[in-house]
Undergrad: 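Before I ask anything, let me first share the structure, which is written out below as structure tokens.
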Amino acid sequence: MQISILDDYFDTLRTLDCFAKLAGHDVTVWNDHVQDVDALAERLRDTEALVLIRERTQIRAPLLERLPKLKLISQRSVYPHIDIDACTRLGIVVSSGQHADTPSYATAEFTWGLVLAAMRAIPQQMAALQAGNWQIGVGHTLRHKTLGIYGYGRIGAVVAGYGRAFGMKVKVWAREPALAKARADGFEAADSKASFFEQCDVISLHMRLVDATRGIVTAADLARMKPTALLVNTSRAPLIEPNALVNALRAGRPGMAAVDVYEKEPLRDVNDPLLTMSNVVCTPHLGYVSRDEYEIQFTDIFDQITAYAAGTPTNIVNPDVLGRRR
């Protein structure tokens, strides 16, 4: 098959052990990010199988309609960036394993790294040291403080465990089924959303972005946070109401943020408000970006391609397409 892989920024996939699964196929890897439909249509005109790295590129009907040879889109996890209805109409199979009960430990670990970095101002202290200054302030310890987990799914549950290991009190706010699981795991459910934002010293967001969660963290929620509190977002930027986080940080509630996700990615505007604030730690969507995690994810993605090539597609998210396959 003619296979195209988009957005492999550092040409990493060729170096993975699992890349050998694509032996015998004609594979093209693109290392830059392009969203322009004309440019993508030209690049992908002969593509039969398209590999996506999470949600880096939007795959919508105007592009899909210009890719007559495309038979399969293979990726992993959720797919808000793919027009599933258009794929079904055009006879394109979308395979995307949901990896039940296998959290992204890479993202959970990175979340905790951001918590430590922000609470101890590690990037700011490092920059000051490189500029010839010795200590620029006093940080905060985590022990005995309250960690809030907003959304108790696979990753949120792991981060909650890290908080427990650091001697923090853990509170959870989520839908009732998730709260029940958190209670069963020995964590405390917050009495209300308002009290959750008022009482927690660190709040970490761990929800999927769907219509029901878009803007679920409001300006009013953030205004309830302590001036010493930290908000961490390694999930999705639109979980927070537009402009609410920047305005809240300017108002001093919360006092800090650690952000790995943005409304528009890649973020290249060095004047973006989040990048200019001294009380914010910003990273370029690195949560899941580790070699170990890539091996796990792309083993699944490449297995989906070989299954399709063998005539037995797996993890199909649009099963109605089977009668229309190209």
Undergrad: Within this structure, what is the SG-CG distance for the pair C87 and L70, rounded to the nearest 0.5 Å?
TA: 7.0 Å
Undergrad: Under a 4.0 Å threshold between the charged nitrogen and the carboxylate oxygen, would R89 count as salt-bridged to E65?
TA: yes
Undergrad: In plain terms, say whether R66 and D38 are close enough for a salt bridge, that is, a side-chain N and a carboxylate O under 4.0 Å apart.
TA: yes
Undergrad: Any ion pair linking K181 and D185 (charged N to carboxylate O, less than 4.0 Å)?
TA: yes
Undergrad: State which residue, out of I92, I59, L72, fulfils the side-chain contact (heavy atoms from CB on, under 4.5 Å) condition with L50.
TA: I59
Undergrad: Would you say that I84 contacts T88 through its side chain, given a criterion of any heavy-atom pair below 4.5 Å between the two side chains?
TA: yes
Undergrad: For Y9, is the NZ or CZ atom of R56 found under 6.0 angstrom from the centre of its six-membered ring and inside 45 degrees of the ring axis?
TA: yes
Undergrad: Which distance, rounded to the nearest 0.5 Å, do you find between the OG1 of T234 and the CD1 of I155?
TA: 6.5 Å
Undergrad: Indicate yes or no for a side-chain donor-acceptor contact from R45 to the backbone of E42 under 3.5 Å, with no hydrogens or angles considered.
TA: yes
Undergrad: Shortest non-hydrogen contact from L249 to G255?
TA: CD2-C, 4.3 Å
Undergrad: Of all residues at least two apart in sequence or in a different chain, which pass the ring-ring contact (aromatic ring centres under 6.0 Å, His included) check with F298?
TA: Y294, F302
Undergrad: With distance as the sole test, does D201 use its side chain to make a donor-acceptor pair with the main-chain N or O of K145 at under 3.5 Å?
TA: no
Undergrad: Between the side chains of H81 and Q75, is a donor N or O closer than 3.5 angstrom to an acceptor N or O?
TA: yes
Undergrad: Hey, are D26 and Q2 close enough side-chain-wise for a donor-acceptor pair under 3.5 Å?
TA: yes
Undergrad: Working to the nearest 0.5 angstrom, can you tell me the gap between L222 CG and R253 CZ?
TA: 11.5 Å
Undergrad: Do side-chain atoms of S192 reach the backbone of S195 as a donor and acceptor pair under 3.5 angstrom?
TA: yes
Undergrad: May I have the step-by-step check of side-chain hydrogen bond (donor to acceptor under 3.5 Å, both in side chains) for H285 and D260, ending in yes or no?
TA: CA-CA 5 Å; H285 206 156; D260 190 44; 4.9 Å; no
Undergrad: Is the ring centre of W173 less than 6.0 Å from the ring centre of F197?
TA: no
Undergrad: Salt bridge or not between R76 and D300? Use side-chain N to carboxylate O under 4.0 Å.
TA: yes
Undergrad: With a 4.0 Å cut-off, would you call K171 and E188 a salt bridge?
TA: yes
Undergrad: Do Q58 side-chain atoms and I82 backbone N/O form a donor-acceptor pair below 3.5 Å?
TA: no
Undergrad: Any salt bridge linking E265 with R236? Criterion: basic side-chain nitrogen under 4.0 Å from a carboxylate oxygen.
TA: no
Undergrad: Return yes if a side-chain donor-acceptor contact under 3.5 Å exists between S96 and N315, otherwise no.
TA: no
